[in-house]
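Predicted, not measured: the structure shown is a model, and the values here were computed from it. In the text below, chain A, chain B and the rest are named by the order of the sequence lines, each starting its count at 1.
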Amino acid sequence: MSYELNYTIGSIPLEKLKPKKVRKNIELTLWERLYIPEIVRGMIITTRHFVQNMAGFIFPPNGKKRRVFTVYYPEEKLTIPIAYRGRPVLVMREDGTERCVACGLCESICPAFAISIVGGERRRENEMERYPVTYTLDMSRCVYCGFCEEVCPKEAIAMSDEYEELAERDRNRMIYPKEKLLVSEKRLKNRIDYVRKIYSKNNYNAK
Amino acid sequence: MLAELIETIAKIMFIFGVNMGFFTPILGWVERKQSAVMQDRVGANRADIFGFRVIGLLHILADAIKVLTKEDFVPAGANKFFHTLAPFISLTPALVTFAVIPFGGQYEIFGHKVNLVIADLDIGILFIFAFASLATYGTVLAGWSSNNNWSFLGGMRASAQMLSYEVAMGLSIIGVIMVYSSLKLTEIGAMQAEFFRWGIFLQPVGFILFLTCAIAENKRAPFDIPEAESEIVAGYFTEYSSMKFVMFWMGEFLEIVTISGIITTLFFGAWHIPFVSNEMLLSIFGFAGPDGANILTMLINIATFFVKIIFFIWLQMTIRWTLPRFRYDQIMKLGWKILLPLALINIFITGLVLLVK
């Protein structure tokens with residue numbers, strides 16, 4: 001079997017990506033059994049890290065605060081990737097009503113039985129539409145799986161990027177009513193676009 | 001008479017203040033911070049007073065408050081007397097051994113001869129070994145009196161390890177004593193005025209053996225099987241809390257300082273600066289008059305000594321955070337089958353060289 005090795009992975013040429021040789025024999029060489037040289041080698045490595053990091057603390061490299069990549073959490077925060085599944089929220093239209101039609105798909109798919117919906121009907125722009133009278137999400141049961149978001153035909157529920165202040169000392173306060181779940185469309189636009197892409201939802205929504 | 005009394009008290013206050021007031025608290029911070037920097041982390045930096053964090057130094061204060069207000073717990077079935085006595089026994093030797101380590105030479109100040117060592121004993125180094133072995137009792141008592149299987153295992157391991165390494169440590173120093181033909185640490189220090197007469201050039205093997213054995217005596221990684229967290233909880237101090245627990249740590253930190261002091265005195269020219277003799281310093285400081293020159297030289301020498309100590313503390317911390325723990329049988333094998341024969345061979349070769357010269 002022959003094929004040409006002319007492609008690369010990233011910018012690294014393939015020749016350099018060859019696996020390193022693994023030493024299968026556990027017998028140590030004489031040099032290693034002398035012990036002191038290998039200890040010195042190890043200490044040179046840790047000392048190099050020590051010196052580099054100390055220099056990085058005192059004279060930070062360009063555009064960074066320090067050489068170490070630690071994030072000081074409450075003061076500094078990572079930018080959450082779009083695929084992150086945070087607190088599930090209901091999408092709110094610009095006029096303050098919810099997109100949800102209370103079909104109950106999320107309620108039945110939810111593996112943790114965290115969602116409970118009571119549906120109803122109302123008049124909006126001279127049309128009758130279904131809407132959730134109550135939409136209760138028990139955050140003490142939610143497992144952040146994102147099934148509700150995947151199954152929703154109306155893109156009415158989405159996993160937001162909020163992950164803070166979800167813990168409570170009282171279980172009753174972890175039961176979120178509809179009012180606490182509503183988040184405006186604009187803030188969730190990126191996530192909804194992303195969901196459309198990964199679950200191929202535009203196949204259903206194509207006009 | 002009065003001047004000597006004042007001098008002695010001043011020296012004791014100085015050493016006690018430096019050890020208990022500076023090194024012991026700061027080493028807790030150094031251990032956290034240095035390990036963090038070595039491992040690409042940031043380290044403890046959360047304790048603050050009105051928002052000022054001072055690179056984590058306030059954790060010392062927070063720790064002190066926490067430790068002092070914690071419950072002092074003695075487990076049921078423990079021997080209360082020995083349980084309380086053990087931390088004191090392991091702390092005291094670490095404090096006492098610094099008495100014979102000279103932190104400077106001899107100076108004439110205002111017609112009074114100042115010798116910068118608390119107790120200038122003729123048997124200096126033997127005194128250190130005698131007291132360092134007492135620390136074994138503290139560890140063994142702590143392990144035995146806690147009425148806990150983990151503590152007992154830790155105590156047994158500690159006794160075996162410390163007794164084994166005591167032998168090799170004693171023999172590793174014999175070479176130095178033969179070369180300088182003195183047990184007095186002030187004399188050994190004074191004889192290293194010339195750079196190429198430093199102990200490290202005359203006894204390189206002795207230095208490595210002593211450093212290894214000293215770390216093993218101090219029960220720090222890679223020789224920390226008496227406390228091995230992953231095997232026997234916390235070893236001999238599993239059942240200790242609050243101030244007693246901290247006393248073990250203080251003893252350990254003080255021993256680091258003491259080991260650094262011994263290494264500096266025996267192998268790294270004590271208070272001497274390489275290529276700069278005290279006569280040169282005295283002539284440089286001639287402008288301050290004879291007394292002023294002596295005082296300035298003394299201060300420079302003390303500073304040199306403590307800079308060297310700080311370097312060796314750093315070295316020991318680096319070793320502790322670089323090397324993984326040895327297995328129990330490996331420690332025994334290293335102590336009896338490698339270090340002891342090496343020490344004996346070192347003594348033999350030193351003797352031969354001295355004989356030929």
Side-chain angles (χ1 to χ4, degrees), chain A residues 10 12 20 22-81 163-169, chain B residues 30-48 51-57 172 200 204-213 215-216 221-223 311-326 330-331 333-335 337-339 341-342 346:
Chain A
I12 308 165
K20 283 183 182 173
V22 178
R23 272 176 52 190
K24 296 224 169 126
N25 57 331
I26 315 165
E27 288 286 309
L28 300 177
T29 59
L30 181 68
W31 181 253
E32 283 163 343
R33 270 185 290 148
L34 279 176
Y35 230 88
I36 303 288
E38 289 294 304
I39 285 177
V40 170
R41 200 163 68 92
M43 281 177 60
I44 286 171
I45 292 170
T46 45
T47 308
R48 195 178 64 223
H49 276 261
F50 178 78
V51 172
Q52 282 174 351
N53 289 333
M54 281 306 276
F57 275 115
I58 298 163
F59 307 107
N62 294 339
K64 285 181 191 169
K65 281 189 181 169
R66 56 194 163 266
R67 195 180 167 275
V68 172
F69 297 105
T70 312
V71 176
Y72 291 178
Y73 165 63
E75 295 98 41
E76 301 172 7
K77 279 164 195 169
L78 289 171
T79 37
I80 302 294
Y163 57 93
E164 285 171 317
E165 293 165 20
L166 291 176
E168 299 278 0
R169 283 168 192 272
Chain B
V30 167
E31 180 142 61
R32 285 176 182 162
K33 227 39 183 174
Q34 189 183 333
S35 62
V37 174
M38 276 167 59
Q39 298 166 353
D40 295 351
R41 293 185 283 114
V42 174
N45 66 347
R46 288 287 126 176
D48 67 286
F52 292 103
R53 285 183 172 164
V54 213
I55 49 170
L57 273 170
S172 68
I200 182 73
V205 180
F207 166 66
I208 290 167
L209 291 178
F210 180 75
L211 185 63
T212 316
C213 296
I215 293 170
F223 298 99
F311 172 76
F312 283 106
I313 289 171
W314 175 85
L315 184 73
Q316 286 184 59
M317 291 280 182
T318 312
I319 291 171
R320 189 247 177 278
W321 289 101
T322 302
L323 303 176
R325 182 185 305 135
F326 284 115
Q330 287 173 332
I331 285 197
K333 195 184 158 199
L334 184 69
K337 286 189 177 170
I338 299 171
L339 293 183
L342 267 180
N346 187 36

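Within the 4.5 angstrom heavy-atom criterion, only side-chain atoms of Glu75(A), from C-beta onward, approach chain B. When heavy atoms are compared at a cutoff of 4.5 Å, Ile208(B) approaches chain A solely by way of its side chain, counted from C-beta outward. Of the atoms belonging to Ile36(A), it is side-chain heavy atoms, and not backbone ones, that fall under 4.5 Å from chain B.
Taking the side chain as every heavy atom from C-beta outward, His49(A) and Val37(B) never approach each other to under 4.5 Å. Between Trp314(B) and Thr47(A) the shortest side-chain heavy-atom distance falls below 4.5 Å. With contacts defined as side-chain heavy-atom distances shorter than 4.5 Å, the pair Arg46(B)/Tyr72(A) qualifies.
In this structure, Thr46(A) OG1 and Arg320(B) CZ are separated by 13.0 Å, a value rounded to the nearest 0.5 Å. To the nearest 0.5 Å, atoms OG1 (Thr322(B)) and CD1 (Ile45(A)) are separated by 9.5 Å. Distance check, rounded to the nearest 0.5 Å: CE of Met43(A) to CE of Met38(B) gives 8.0 Å.
Counting non-hydrogen atoms of neighbouring residues, nucleotides and ligands closer than 6.0 angstrom, the CD atom of Glu165(A) reaches no more than 12 such neighbours.
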